[in-house]
Amino acid sequence: METHDNDHNSSCLSGDPHDDNIADPILHYFGCLEASERDSFFDRKSPFWGREVERLMNSGISRSEAEAKVHEKLGNWQNACSSEIRRLSFIYSALAKDVQQSHLLTHLASSRDTWRSSSEYQSNIQHVRDWRTEKCMQNGVAIEPLPASTDELSPDDLPVSIMAFEDGAAHDIQYPHVTGTFPNQTITVNNLLRIGPQQTAGLLKSTRDKATAGVTWFHIPSNNMTWVEEAIACYYGEKRPDRNQMRYGDESSQAARLLQESFWRGQQYGDAAKPRSRFMRPLCDLITPNRSPIELRSDNFVLFAPFLHWETSRQLTLFTRKIEKSLTANANRRRRKTHLDRQERGKKRMGLHTRTASYLIRLEKGDDEIQQRQSFRLGLSAFPDVYRILVGPRGKYYRSKHPLGQYLLHAARLYEELHNYQDSSLIQKYLFADPPLHTRRTLDQGYYTTLQTSRPRDRNQVVYRATTTPESSYHQFDHTKGQWTCPVYDHAAEECAKCRENIRRLSRMVMVDQLWMWVLDQKTIITCFPKRYGLHGRDPSGVFEATQSRLDRGRSVHSVFEIAHTILDECSNTFFDRMKDTSGQPQVLDIFSEAIRNVSRKQALESQRLWNWIDRARAITRQQGRHRNLIIPAWTMSTEGDLEREIQDIVEELEIMISVNKTQSDLYMKFIHYTSQVMNGNRTPGIGGDASYPVGLDNNEVQIGAATLMTKVKDRIDYLESLLKTASNAAELVRSLSQLRQQQDSVIQALQSIKLSLDSIDQGRTLMVFTVVTIIFSPLSFLSSIFGMNNVEFGDDQWKIADQLKLIFSISIAVTVFALVFASRHVRTVAIYTAAGIRHTFLTLSRVMRYLESIVTDRISWVVGVGRREPEPPSAGASLPSEV
């Protein structure tokens, strides 16, 4: 079940009443109708079918025609539902036998019993029954179990679609195993390619040999090389050619000539170790199944072309795991086979006396141990429960604490496996066959073929980001508060339409698929390209369904080239036709346009913020001394880096899409060129029939269709290139923003340097003041301390304050000037003044010392005993110099 966003009209499984808007009868039958309503739904007297008749009559047709169309529609729907029931019964039987998958059924039954035995179920089931009785709804009607099936569902039971035209009109093929009517006729691969035990299918051969004028289109919904070789061989009524026949173009096999190396296996890229890197190199060429002097004279075409499609992220993740699991199993098988072959060779040499004899004996013992372990495993497989406990899968599944939640989880897991079982078995059987199956590739896998894994790049796809809803956009349970929170409302509303819409959205991705097409003659065209994973029934966004719809519009089809042109057009038109019912298809071009606009808008906002800051910085710079008032923003490249990465992803993906479309254009041009050759008569006669084309074929009509096709392809490439140009301009603006940010960083660093310089200058001035004060007062303090001492040498004479100051300041000034001179930058300028000051200081100090010496002598004489008397006044020569 898929739930899609942007659904304006309610339909099946939408959760809302949808009246008669039934998009898929199978979904409506199993998902919308109750068990009591299913039997009466296909009753012709049901009110639904009566309303269908009235609706058709209102469109202008008669009652008889309306009743005939309704009767046909009822039969088709009933057959479709019956086929689905039969298919599900096959899958159920296969799952029950599969030891690795049977736990899905047992877990579902166990969780159902747990829920029904819970107190909540027991206490409320009667209330539900009473409510249904009040609503006049039946109680006690259980869904009938699926009928047991002894047959197994094979991947070769995949339906092949057929569309046939006779004389330009639609034609129903009457052939065994072909079901349905035009344009929905199908036949299984088994019956078409003689793979089953019946060995009776010859539809392709009969189509080639028919004498009537008409064209038939066979579409195989898978890029399976094995099926292609079988189909070509069936077409010519031959056995499938072996590799040597195809390599050298065996003349005895027309199929081998058609599948020769240069047109088939030689075009395959990739190896067995990397199944997701396999693809057929782009090719369009004329081929012929016959040896002729002129090889180009042929009606047979082969074309391998890539085209774009989409897939949901969930399905892609599931099948990626399945492919990795198959890859691991295949590696183990190869390793096991190599080991057994080595042992077999060793056993054949056991009679030889060589140095490897002991090794071979150990090898034989190892083989016995391996066989014992294998026997143990096979024995356990007879007991599924024990096997699952001991060696079964250990998937890390989420478990719900509520029994109903766990029951629903197990039901969803089983539904998912039922949905994907046939594609899973196809991968398991043919992924490593010879020749192998080609899987679908993502956009990055289609371009970067050497990537080991593209999962991180896939999660960065523009479409994936646009279609993925973050967890913060819907209800979340707050474990701290114990309640649900809603991002839209302050309280967790039970009916929050926005959260419900967000949580139902599906993440999607762009894929690169392959179109394989063979135009075998003027009667038959065979195509192979995959459908979306796990899809059964119609896909409104599929290339086949779109082509089928165009061919079913009452147009006359006389040539295979008309069908081929329609197929090629739809392969190129997947994301360009916005009018068709997409049913969940992402609007890729609108998503890219919106992504480019978002980047441009964010870039404009960031640029405006940046220029506002620059204007403020410019205004402050004009005012000296105000750099401290400028607010420096927190520097980060996260915003610009995110923008640059986002726009780079957009540009890169657009370039890949343009590359795919240009490859298509080149191949289409070759196809039209070869078509023109064939239409102008440069062809070989068909085998067993007339070489002329069917009556009614208009060469001009084919040429007009070819010209229209190339015009459309060119317009689509031009549109993508216009998007690329817009994205490139946005990328250039983002790069300019990054450069401005870097320049802003330089300006910020300069401003920070200026700010630090200003702070350093202020600190220097403060230190200078303290330094000068210290230089001046340090000598003063020192001298004051010296002269303030009480000692014998100075005596007890009282000096005048003027004399002391003269002495102290003279010495201090000399010391201060000396320190400042050497601290000054202009040393040479003050050198003379420094020398003069030093000379004057020394002279003064010598006079002071002589004066002090005379005073000290007098004081000593007085102390010795000359007696206390008034000292004689000093002589004129000993007087204190006035310079002091």
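All of these numbers come straight from a predicted model, not from anything done at the bench. Both backbone and side-chain heavy atoms feed into the values below; hydrogens, waters and symmetry mates do not.
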Problem set entry | Near-ring test W49/W77, centroid separation under 6.0 angstrom | yes
Problem set entry | No-hydrogen, no-angle side-chain donor-acceptor test under 3.5 Å, T179 and T186 | yes
For this session: Give a yes or no on this: more than 12 heavy atoms of other residues, nucleotides or ligands lie within 6.0 Å of atom CZ of R44.
Result: yes
Exercise. Would you call R550-D569 a salt bridge at under 4.0 Å N-O?
Worked result: yes
Exercise. Centroid-to-centroid, Y29 to F42, below 6.0 Å?
Worked result: yes
For this session: Answer whether the closest heavy-atom distance between the side chains of L515 and L303 falls below 4.5 Å.
Result: yes
Problem set entry | Donor on one side chain, acceptor on other, N573 and R716, under 3.5 Å | yes
For this session: Show the numbers, then the answer: is there a ring pair (Phe, Tyr, Trp, His ring centres under 6.0 Å) between W518 and F304?
Result: CA-CA 9 Å; W518 287 266; F304 304 139; 5.8 Å; yes
Exercise. Given W227 and S222, is the side-chain hydrogen bond (donor to acceptor under 3.5 Å, both in side chains) satisfied, shown in steps?
Worked result: CA-CA 9 Å; W227 289 350; S222 176; over 6 Å; no
Exercise. Does K662 pair with E721 as a salt bridge, N-O distance under 4.0 Å?
Worked result: yes
Problem set entry | Non-hydrogen side-chain atoms of P306 and Q514 separated by less than 4.5 Å | no
For this session: Specify the closest pair of heavy atoms between T442 and Q461, including all atoms of both residues, with the distance to one decimal.
Result: CB-NE2, 4.3 Å
Exercise. Could you give the distance from CG (D39) to OG (S46), rounded to the nearest 0.5 Å?
Worked result: 12.0 Å
For this session: Report the distance from atom CG of D209 to atom OH of Y235, rounding to the nearest 0.5 Å.
Result: 8.5 Å
Exercise. Hey, are E34 and R132 close enough for a salt bridge, meaning a charged N less than 4.0 Å from a carboxylate O?
Worked result: yes
Exercise. Between D513 and R441, does a salt bridge (charged side-chain N to carboxylate O under 4.0 Å, His left out) hold up when you go through it step by step?
Worked result: CA-CA 7 Å; D513 290 329; R441 298 171 296 157; over 6 Å; no
Exercise. In terms of side-chain geometry, is the basic nitrogen of K69 or E65 positioned less than 4.0 Å from the acidic oxygen of its partner?
Worked result: no
For this session: Indicate whether any N or O donor in one side chain lies under 3.5 Å from an N or O acceptor in the other, for S507 and S313.
Result: no
For this session: For S722 and Y719, indicate whether the former's side chain and the latter's backbone hold a donor-acceptor pair under 3.5 Å.
Result: yes
Problem set entry | Donor-acceptor contact present, side-chain N184 to main-chain G180, <3.5 Å | no
Seminar exercise, completed: In terms of heavy-atom contacts, D167 and H558 come closest through O-CE1, 3.6 Å
Exercise. Are the side chains of N224 and C528 in touch, meaning some heavy atoms are under 4.5 Å apart?
Worked result: no
Exercise. Under a 4.5 Å cut-off applied to non-hydrogen side-chain atoms, are T524 and D521 in contact?
Worked result: yes
Exercise. Does Q664 use its side chain to pair, donor to acceptor, with the backbone of V713 at less than 3.5 Å?
Worked result: no
For this session: Apply side chain to side chain contact (heavy atoms under 4.5 Å, CB included) to Y92 and L418, showing your working.
Result: CA-CA 8 Å; Y92 263 87; L418 291 173; 3.7 Å; yes
Problem set entry | Test item: M517 and F301 side chains (from C-beta on) under 4.5 Å apart, heavy atoms | no
For this session: Answer yes or no: is there a donor N or O on one side and an acceptor on the other, between the side chain of T133 and the main chain of R129, under 3.5 Å?
Result: yes
Problem set entry | Criterion side chain to side chain contact (heavy atoms under 4.5 Å, CB included) on K210 and T216, from CA distance to verdict | CA-CA 11 Å; K210 67 181 179 180; T216 308; 3.3 Å; yes
Exercise. Quick one: CD on Q703 to NE2 on H565, what's the gap to the nearest 0.5 Å?
Worked result: 10.0 Å
For this session: Measure centre to centre between the rings of H28 and F41, then say whether the value is under 6.0 Å.
Result: yes
Exercise. Looking only at heavy atoms, what is the nearest atom pair of L667 and A305, with distance?
Worked result: CD1-CB, 3.5 Å
Exercise. Is there a side-chain contact between H219 and V160, using heavy atoms and a 4.5 Å cut-off?
Worked result: no
For this session: Identify the two heavy atoms, one from Q585 and one from F575, that lie closest to each other, and give their separation to 0.1 Å.
Result: NE2-CD2, 3.7 Å
For this session: For the pair R440 (side chain) and W310 (backbone), establish whether a donor and an acceptor sit closer than 3.5 Å, ignoring hydrogens and angles.
Result: yes
Exercise. Do T574 side-chain atoms and L308 backbone N/O form a donor-acceptor pair below 3.5 Å?
Worked result: yes
Exercise. Just how far is it from atom CG of L551 to atom CD1 of I563, taken to the nearest 0.5 Å?
Worked result: 6.0 Å
Seminar exercise, completed: To the nearest 0.5 Å, atom CE of M710 lies from atom CZ of F671 at 12.0 Å
Problem set entry | NZ or CZ of R508 within 45° of Y464 ring axis and under 6.0 Å | no
For this session: Salt-bridge test for R87 and D157: reply yes if a basic N is under 4.0 Å from a carboxylate O, no otherwise.
Result: no
Exercise. Ignoring hydrogens and geometry, is there a side-chain-to-backbone donor-acceptor pair from S40 to E37 under 3.5 Å?
Worked result: yes
Problem set entry | Chi angles and distances behind the ring pair (Phe, Tyr, Trp, His ring centres under 6.0 Å) call for F90, Y421 | CA-CA 10 Å; F90 290 157; Y421 182 82; over 10 Å; no
For this session: Return the minimal non-hydrogen interatomic distance between D156 and V189, and the atom names on each side.
Result: O-CB, 3.2 Å
Exercise. Has the side chain of H419 got a donor or acceptor atom that lies under 3.5 Å from a matching backbone atom of G534?
Worked result: yes
For this session: Would you confirm whether E311, through its side chain, and Y533, through its main-chain N or O, come within 3.5 Å as a donor-acceptor pair?
Result: yes
For this session: Take K523 and V560, measure what side chain to side chain contact (heavy atoms under 4.5 Å, CB included) needs, and give me the verdict at the end.
Result: CA-CA 7 Å; K523 297 178 181 180; V560 290; 5.9 Å; no
Exercise. Does L568 offer a backbone N or O that forms a donor-acceptor pair with the side chain of S572 under 3.5 Å?
Worked result: no
Problem set entry | Distance (rounded to the nearest 0.5 Å) between L193 CG and L203 CG | 10.0 Å
Exercise. Which is it for T527 and W217 under the side-chain hydrogen bond (donor to acceptor under 3.5 Å, both in side chains) test, yes or no, and what are the steps along the way?
Worked result: CA-CA 8 Å; T527 59; W217 174 27; 2.8 Å; yes
Problem set entry | Side-chain heavy atoms of S541 within contact of H309, under 4.5 Å | yes
For this session: List the atom of F307, the atom of C571, and the distance in Å for their closest heavy-atom pair.
Result: CB-O, 3.4 Å
Problem set entry | Stepwise side chain to side chain contact (heavy atoms under 4.5 Å, CB included) test for I525 and F218 | CA-CA 6 Å; I525 180 171; F218 295 92; over 6 Å; no
For this session: Answer whether the closest heavy-atom distance between the side chains of L158 and K531 falls below 4.5 Å.
Result: yes
Exercise. Centres of the F544 and F529 rings: under 6.0 Å?
Worked result: no
Exercise. Just wondering, more than 12 heavy atoms not from M669 lying within 6.0 Å of its CE?
Worked result: no
For this session: Under the salt bridge (charged side-chain N to carboxylate O under 4.0 Å, His left out) rule, what do R51 and E54 come out as? Steps first, then yes or no, please.
Result: CA-CA 5 Å; R51 291 192 297 269; E54 294 178 359; over 6 Å; no
